[in-house]
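No hydrogens, no waters, no symmetry mates; every other heavy atom, side chains included, goes into these values. In listed order, ligands and their atoms are each counted from 1.
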Amino acid sequence: MMNSTHTTPKPQATNSLIRTQSYVNGMWVDAANGETFDVIDPATGNIIASVVDMGNADVRTAIDAAHAAWPAYRDLTAKERSTLLRKWFTLIVEHKEELARLMTMECGKVLSESRGEVDYGASFVEWFAEEAKRTYGDVIPANTKDKRLVVIKQSIGVVAAITPWNFPLAMITRKVGPALAAGSPVIVKPPSETPLTALAISYLAEKAGFPPGVYNTVTTSKNAEVGLELCENNKVRKLSFTGSTAIGKLLMSQCASNLKKISLELGGNAPFIVFEDADIDAAVKGAMASKFRNNGQTCVCVNRMYVHDRVYDEFVGKLSVAVAALRVGNGMDDDVQMGPLINEKGLTKVKHHLADALSKGAKIIVGGNALEGLFFQPTVLTNITPDMVIAREEVFGPVAPIARFTDEKEVIQLANDTPYGLASYFYSKDISRCWRVAEALEYGMVGINEGMISTEVAPFGGIKESGIGREGSKYGMDYFMEMKHLCFGGIN
Ligand code: SIN
């Protein structure tokens, strides 16, 4: 562990779930040209494994296999698909520890959080195994006496899931859970940083018994080339993407060529407001959970804090004590609370946001320094102003910027002054204010006296430039199904 300057590289444990080939049409395969790429442990810089590097032609093979598997798979009964998902859920839970270790190795997330992510990811599989059986249609009172009108919901067809490195498991299951439940074969394209967790759960899907072609995982470092194929190939009927707003816009424009259905879960700029009537200890707890989860690398992490003048000193003081106590190091050590950033690009971004804020008058209260390798000290910054980059863009790192406010209207205006609208948070004990502010915040999700809002039972997603569609919950299935109106005429 390092409080400030040192990390101890750990020998890589053997892990029976490590697979390095892509999984296509029920087989473990190489790229046609034999290429591979390396997966790096961000905590140590060591190579964990070399993984198959697929190109366009390989991905087309996977799409063809998924498309061929679609009719038989969608014709299974909902209960049969539900049973497959249930088996997959059980296998994921049974392999929790190995999956968690693999995840920590490739994305740096600390073990306790990786274990939590296995539970979180598995919960989507369990939830959609149940929802598979509840994709009800409708009977509509007809407009004429000789007609009967019925609505049915059917599988949308082959689904492509392009997933991020910050949740190597849960962002896959949140997409493929509903797709598989609805009767749609899937092509998973994990990021090049974290293909091993994706391949490990593909192996568990194979063991669960999904028919060949129904579950495919294509590993690649050629993101642009493969992304374009998934968007432009007519056999893919739906694309679901989690990642940056810039890439989301690019994929959306590429999907326009065939009007492919698309769900986007994109960047945020989450405000965290502490009103003068808040429970300050609860607010500090919520801020710690939301800001420093996964080292600040989640789309719903707090990005900017606004604290009322009357409780500012108390909040900053208590938060600073909690932040200074965070233990940084290799996430494989059980007593570490914060791991490394994912890569050099992530680290450079944090340094840039910090330098910009300091040049415009921000003050460091805790931390502020890069450590060895990809590690960065958990940091508290005050005197934040709206012109700073850190107040306008996701820092995706362990820096908590704090600004002072005095008026409710003013702080709502500041919170909404962004093109993003994913998550937001505020703390207040006044019930009228809670309703008023929750309704006024232009976000897809609002945490009210709560810093942890993610769960499989509630809809996850954003408005404005934070995305299109919702994942999880009873609403999640609809994005993987087409609605069909059956109009029966000549009834007498
Ligand atoms: C994300 O960062 O994209 C997902 C976070 C979550 O599911 O809580």
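Distance from atom 5 (C) of ligand 1 to its nearest protein heavy atom, with residue and atom name: F167 CE1, 3.6 Å.
Evaluation of the ring-ring contact (aromatic ring centres under 6.0 Å, His included) rule for F89 yields no partner, not counting sequence neighbours. Every residue two or more places apart in sequence or in another chain was checked for a ring-ring contact (aromatic ring centres under 6.0 Å, His included) with F292, and none qualifies.
For ligand 1, the atoms closer than 4.0 angstrom to any heavy atom of R174 are 4 (C), 7 (O). Near N166, the atoms of ligand 1 lying under 4.0 angstrom from a non-hydrogen atom of the residue are 1 (C), 2 (O). The contact set between ligand 1 and T242, taken as ligand atoms under 4.0 Å from a residue heavy atom, comprises 3 (O).
To the nearest 0.5 Å, atoms OG1 (T173) and CG (L85) are separated by 10.5 Å.
At a heavy-atom cutoff of 4.0 Å, ligand 1 is contacted by no atom of E471, backbone or side chain. Only the side chain of S454 comes within 4.0 Å of ligand 1, judged by heavy-atom distances.
Taking 4.5 Å as the limit, some side-chain heavy atom of L341 sits within range of a side-chain heavy atom of Q297. Counting only heavy atoms from C-beta outward, the side chains of R86 and E126 approach each other to under 4.5 Å.
For Y306 and F426, the gap between ring centers reaches or exceeds 6.0 Å. F124 has its ring centre less than 6.0 Å from the ring centre of Y120.
Using a 4.0 angstrom heavy-atom cutoff, Q297 does not count as in contact with ligand 1.
Ranked by closest heavy atom to atom 4 (C) of ligand 1, the top entry among Y120, F460, F396 is F460.
Checked by distance only, ligand 1 and T298 stay at 3.5 Å or farther apart across all their nitrogen or oxygen atoms. Residue C299 has at least one nitrogen or oxygen atom sitting less than 3.5 Å from a nitrogen or oxygen atom of ligand 1, judged on distance alone.
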